[in-house]
Amino acid sequence: MENEEGYCALRLSSQNTSHIEDIQDSMHQLSEGLEQCSPQNNWNRLNQLEQVLARSKPGEEGSHFKARLVEAHVFSITADSFKGLNVTSITAQNKGRSMAQFNHTITFPAELMKGNRALEKQKLVCIYIHSPCIFVDEQNRSVLNNHILGAFLPNRTVTGLRSRVKIQFWHNMVLDASNATCVFWVPGAGPGSAGNWSSEGCETQHKEGTVVCLCNHLTYFAVLMIQAQNLSQAELKSLTNISIVGCSISATATFCTLLFYCFSRHRPQGNTTKIHMNLLAALFLLNGSFLLSTLLATSTKGLCRAAAALLHASLLCSLAWMGAEAFHLYLLLIKVYNIYIQQYLLKLCLFAWGLPTLVVMAVLIFSGETYGYHVINTTDGSKMSMCWLTSQVAHYVTLCYAGLILLFNMLILVAVVAMLGRTHRQKKQARRDWATVLGLTCLLGTTWGLAFFNFHVFLIPQLYLFTILNSLQGLFISLWYLTTYCRSKSSSDSSTSR
């Protein structure tokens, strides 16, 4: 049971009371120091804790201690009986949750005691630190969930293991080799000098909700968050503000256009206009759900999950309707002949509304953890949360889905541009053709393809361009539709007057 001062000792062996008090006192001092975040003093407290743990006399099942931000495990092992060991953290995150899913663990191979005399006893010390306030390098880089897992043998340096130590870090984010890697801590050369993180001798494996580190030595381990996007806090805030303003404008524009269409007495009745309206409705949902997901990022898990599912469904529907626009354009301008399809609009609705909705509902029912809090980190250590996908697999499947639709749309757009170039040569007509191409670019959503070009020097300009163009896509399509409508109405009125 955890006592009022914030620390406890579990399954203690029959050590003398004064030594137990020394351990508890060291744990308590380090935990308080971590809360105050004083790196140099905390290093001294950590060294003191390591020393008192090395002098402890663990029982048959080991000794286990826990403070608010620190926990420690000590085991007595011998070479002849050691067959490997699995040590699990007892973090506060486990309250009310599945222990098997949310624990951090270190698994030690039998090779750990290779080279020791058969009956020689060694102490294996594991320290779990749940704060970033000791291991801070010169770049002030952040580690996954602020968790550092350490292990050592007090009387021996362990390196070059063939059977590697396995360290598992739980998380609820979308991570891969581009934004997270396993590292260990290399202390600074002298007092007051900052240490650094190194990945030498460690292999990183990404699994659903877990980062697995396989390292050939013992020390303090963590998962370093790599800022693949190189965004500063100011840049992230600027992009967020642009997205919010752009989505708000687009949501308003699409909503007004839909109202105008519904209440207009002379609205066009063809499939082309109805497909445009369905795309605008999907974009209205997409912009609205994005704004909602940003607002609900600090709400309960259930609400955030619902907002993430709505955002995902809206994105899938919007992309599907962009694909439907391209398919309809193909039938009208390229195929031309024999284009009658029975229940054409109904089939498009089943594809663009029904299929994405069924997919998202299935994911919610069978794998609800796919949706939740998505954390965006910056180069200066700050974070921003939104409600989005937390599954790496779902993230890549969505990218593949978007990529296929955008590839098809690009091919159709290129075919249309080539056709316009062959048929119209006059200067005045050329201007009208370029206006048509720009309108089709918005309709087909080809600017979403910028998401696949986020690398190196193009990253920051690409992100701003992507954010501005796609957050305002609803506005562009609304203006294009209204301009087309007014032009067609003007032509119709002129014909009637004649």
Side-chain angles (χ1 to χ4, degrees), residues 239 242-243 246-251 253-255 257-258 271-291 310-334 348-349 351-353 355-357 359-360 388-389 395-417 420 434-454 462-484:
L239 287 167
I242 291 172
S243 299
C247 287
S248 299
I249 293 172
S250 286
T254 52
F255 182 71
T257 305
L258 289 168
N271 285 333
T272 300
T273 303
K274 291 178 181 177
I275 292 172
H276 294 344
M277 292 303 107
N278 276 282
L279 175 57
L280 285 175
L283 289 174
F284 172 72
L285 285 176
L286 178 60
N287 291 312
S289 57
F290 174 80
L291 296 172
L310 178 61
L311 178 58
H312 191 214
S314 302
L315 176 62
L316 297 181
C317 289
S318 298
L319 290 168
W321 277 112
M322 293 173 204
E325 290 275 8
F327 178 72
H328 187 67
L329 196 61
Y330 165 76
L331 294 181
L332 291 179
L333 299 182
I334 300 173
L348 287 182
C349 287
F351 164 73
W353 288 119
L355 189 59
T357 303
V359 169
V360 171
W388 182 232
L389 295 171
H395 181 74
Y396 284 128
V397 169
T398 302
L399 279 178
C400 290
Y401 167 83
L404 289 173
I405 288 180
L406 293 175
L407 178 61
F408 174 68
N409 290 8
M410 282 294 297
L411 293 175
I412 297 298
L413 183 62
V414 169
V416 171
V417 170
L420 291 174
W434 278 112
T436 302
V437 170
L438 290 174
L440 292 176
T441 300
C442 294
L443 277 178
L444 303 182
T446 52
T447 53
W448 286 83
L450 289 168
F452 297 91
F453 296 93
N454 55 343
Q462 173 268 342
L463 281 176
Y464 276 96
L465 192 61
F466 175 87
T467 302
I468 293 170
L469 292 179
N470 292 312
S471 65
L472 292 173
Q473 184 186 9
L475 173 65
F476 296 149
I477 295 176
S478 297
L479 294 175
W480 182 80
Y481 169 75
L482 293 173
T483 303
T484 305

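Every heavy atom of this structure was used, including side-chain atoms; hydrogens, water molecules and symmetry mates were not.
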Ser289 to Ser314 - nearest heavy-atom pair and separation: OG-OG, 3.5 Å
Donor-acceptor pair, side chain of Ser250 and main chain of Ser471, under 3.5 angstrom: yes
Val359 vs Tyr401 side-chain heavy atoms within contact, under 4.5 Å: no
Pairwise side-chain contact, Leu443 with Ile477, heavy-atom cut-off 4.5 Å (strictly under): yes
Results of ring-ring contact (aromatic ring centres under 6.0 Å, His included) for His276 - residues two or more places apart only: Trp480
Distance, nearest 0.5 Å, that separates CD1 of Ile412 from CD of Glu325: 12.0 Å
Polar contact flag, side-chain donor to acceptor under 3.5 angstrom, Thr447-Asn470: yes
Residues in ring-ring contact (aromatic ring centres under 6.0 Å, His included) contact with Phe327, at least two apart in sequence or another chain: none
Chi angles and distances behind the side chain to side chain contact (heavy atoms under 4.5 Å, CB included) call for Leu348, Trp321: CA-CA 8 Å; Leu348 287 182; Trp321 277 112; 4.2 Å; yes
Asn287 side chain to Gly474 backbone, donor-acceptor under 3.5 Å: no
Note, Phe476 side chain near Leu469 side chain (heavy atom, < 4.5 Å): yes
Minimum-distance pair of heavy atoms, taken over all atoms of Leu463 and Thr467: O-OG1, 2.7 Å
Pairwise distance CG(Leu285) to CG(Leu315) - rounded to 0.5 angstrom: 12.0 Å
Interatomic distance, Leu319 atom CG to Leu279 atom CG [nearest 0.5 angstrom]: 10.0 Å
Student check: side-chain heavy atoms of Phe284 and Thr257 closer than 4.5 Å: no
Where Leu283 and Ser318 come nearest, the two heavy atoms and their spacing: N-OG, 3.8 Å
Interatomic spacing from SG in Cys400 to CD1 in Ile405 - rounded to 0.5 Å: 12.0 Å
Closest contact, heavy atoms only, His395 versus Trp388: ND1-NE1, 4.4 Å
Closest heavy-atom pair and its distance - Leu406, Leu444: CD2-O, 4.2 Å
Spatial distance of atom OG1 (Thr254) from atom CE (Met277) [nearest 0.5 Å]: 10.0 Å
For the student: nearest non-hydrogen atoms of Gly323 and Phe408, plus distance: O-CE2, 3.9 Å
Nearest-0.5 Å distance that lies between atom OG1 in Thr441 and atom CG in Leu413: 4.5 Å
